[in-house]
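As structure tokens, the structure follows; a few thoughts come after it.
All figures in this text were calculated on a predicted structure; none of them were measured in a lab. The first residue in the sequence is number 1, and the count goes up from there.
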Amino acid sequence: MEKEIVLYRTFDSSVEANIVKDVLETNGVPCFLSNEIFSSVLPLTNSSVGAIRLNVFAEDVDKADMILSSTTLPDAKE
């Protein structure tokens with residue numbers, strides 16, 4: 001049986017996307033980024049087309065929410 005992968009969050013900044021990805025992975029939540037190359041080649045602000053997508057397994061969404069709600073993330077500027 002395959003696990004369902006869901007879009008968890010989108011980001012305009014690859015720095016911010018990678019920070020959140022690293023926090024989740026460090027805390028045992030497998031995840032991956034998609035659309036990262038496209039967004040760096042053709043940056044589109046406030047667009048779902050150009051956004052970097054953070055994907056997780058559906059079963060890990062609650063765990064990811066809990067981790068990120070209790071973690072202070074630095075402000076990311078590209």
Side-chain angles (χ1 to χ4, degrees):
M1 181 176 186
E2 292 184 26
K3 295 181 181 182
E4 180 184 5
I5 296 172
V6 297
L7 172 62
Y8 181 65
R9 289 195 181 170
T10 60
F11 302 90
D12 294 326
S13 161
S14 68
V15 172
E16 184 179 9
N18 278 287
I19 289 171
V20 172
K21 176 183 173 285
D22 289 346
V23 167
L24 291 177
E25 288 180 333
T26 298
N27 288 281
V29 177
C31 56
F32 67 93
L33 297 174
S34 59
N35 214 30
E36 192 172 12
I37 294 172
F38 178 75
S39 69
S40 66
V41 173
L42 184 61
L44 303 170
T45 57
N46 297 324
S47 171
S48 61
V49 174
I52 299 167
R53 300 172 183 152
L54 176 64
N55 304 278
V56 300
F57 291 116
E59 64 189 28
D60 293 328
V61 168
D62 290 337
K63 184 177 179 181
D65 286 341
M66 186 173 54
I67 291 165
L68 294 178
S69 70
S70 64
T71 303
T72 302
L73 299 172
D75 290 332
K77 303 275 185 209
E78 264 190 286

Rounded at 0.5 Å granularity, tell me how far SG in Cys31 sits from CD1 in Ile5. 11.0 Å
Report yes if the side chains of Asn18 and Glu36 come closer than 4.5 Å at any heavy-atom pair, otherwise no. yes
When you compare the side chain of Tyr8 with that of Leu68, does any pair of heavy atoms fall below 4.5 Å? yes
Hey, are the side chains of Lys63 and Val56 touching, using non-hydrogen atoms and a 4.5 Å cut-off? no
Calculate, to the nearest 0.5 Å, the distance between atoms CD1 and CG belonging to Ile19 and Leu24 respectively. 12.0 Å
The reported gap from CG in Asn55 to CG in Asp60 (rounded to nearest 0.5 angstrom) is 12.5 Å
Met66 CE to Asn27 CG distance, which is reported to the nearest 0.5 Å: 9.0 Å
Straight-line distance of Leu7 CG to Arg53 CZ, nearest 0.5 Å: 7.0 Å
Min side-chain heavy-atom separation Leu54-Leu33 under 4.5 Å: yes
Any chain of hydrophobic side-chain contacts (each under 4.5 Å) joining Val23 to Phe32? no
Nearest 0.5 Å please: distance from the CD atom of Glu25 over to the CD1 atom of Ile67. 11.0 Å
